[in-house]
Q: 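The structure that follows is given in the form of structure tokens.
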Amino acid sequence: MKEKSALKNLAMQMAASCLKPVNGFPFRGMYGGIGQILTFHRVIPESNRQRIWSNSYLEVTTGYLEKVIRYYKSNNFEFLSLDDLVSKGFNMSRKFVIFTFDDGFRDNLTFALPILRKYNVPLNIYITTDFIDKKTILWWNIVEDVILQNDELTFEWFGEKIHFQCTSPTEKNNTFGRIHSLIQEGTHLTIYDRALMFCQIFKVDPFSSITELALSWNEVRQLCNDKLVTLGAHTVSHPVLSRLSDEGALGEIGQSKRRIEQETGKEVKHFAYPFGGKKEASLREYEMARQCGFDTAVTLVSASVLREHQNMMYQLPRIAVGMSMDEVTFDLLRFGVIQMMRNDGKPLT
Ligand SMILES: [Zn+2]
């Protein structure tokens, strides 16, 4: 504990030194901004189940989520929905935080919502419609299960004989990395077809994982009728939008909005760009989100929301939250130090 508090003091000293006014502009205001939009994906119960390390970075436990909520409560942040952000017109009396969850995982309903309800925190979920239609192969989960169930794997991959020893946790993690590369970076066929091929080799139903983990349309409707929940769109198939033609990208954005509206009977006013970095979405995509009639669109550029974003509602930054972030990290985020470092000192992104 002593070490942790020493580390915290050091971090706060660093933060304080970074926050001194420079040329009359207080860094704190520039980088800390007026609020933060946080990004989560899955929320899972505490468990001792063995995991592949790189697969768990999109998950937080229920206990961790509760700690994050308590952190922002204790620092007097106001918890807003995306609709609140629009209706308040950036006129907030105190700093705000918005909790968003991407893709449409069932645990958002079963595990996240009860915790958020306990603290009266609005839940904002961006839906990828192919997730709900169970058309996506969550191949990284399937590869994980296959590796955890076996001590060695031998298979043929485009004519080459592949063998992996995967007995120890290190071997299992290394094997995951190798198979991940085979599927993600292979040159034959598409990623989807290579994932399908892996499932065929190991006789796994390619849609078993998505069926288990993604929300159903009935569950989406249930969420939609909850006063604490705001639904947003996150494309049809979760592509890298910048790689698509104008027609293709506009179709992905617009069709996801229309589909969710048809299924729920309510207007969808918010959008999240898949992957969300500047390489995946920039000016063309921001304009498309505006054309499609959304009120807001969020990126995954790691920055605070600044007052200037009121005129940049289709490129609102978000901060991805992972279990490795401790209280010191959140302190540094609150003061804008991490945002400053991640954005090469540029305050506005
Ligand atoms: Zn996503």
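Order of appearance sets the numbers: ligands from 1, and atoms from 1 within every ligand.
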Q: Are F40 and F99, when compared by the centres of their aromatic rings, separated by less than 6.0 Å?
A: yes
Q: Just by distance, do the side chain of K172 and the backbone of N150 share a donor-acceptor pair under 3.5 Å?
A: yes
Q: For the residue pair F77 and Y71, is the inter-centroid distance of their aromatic rings smaller than 6.0 Å?
A: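 Judged by ring-centre distance (under 6.0 Å), F77 and Y71 do not meet the cut-off.
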Q: Hey, is the main chain of P239 close enough, under 3.5 Å, to the side chain of E252 for a donor-acceptor pair?
A: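 No, the answer is negative, given that no donor and acceptor are paired below the 3.5 Å cut-off.
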Q: Measuring from the Zn ion (ligand 1), count protein N/O/S atoms under 2.8 Å, please.
A: 3
Q: Is K134 atom NZ crowded by more than 12 heavy atoms from other residues, nucleotides or ligands, each under 6.0 Å away?
A: yes
Q: Would you call R290-E287 a salt bridge at under 4.0 Å N-O?
A: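 Yes, R290 and E287 are salt-bridged.
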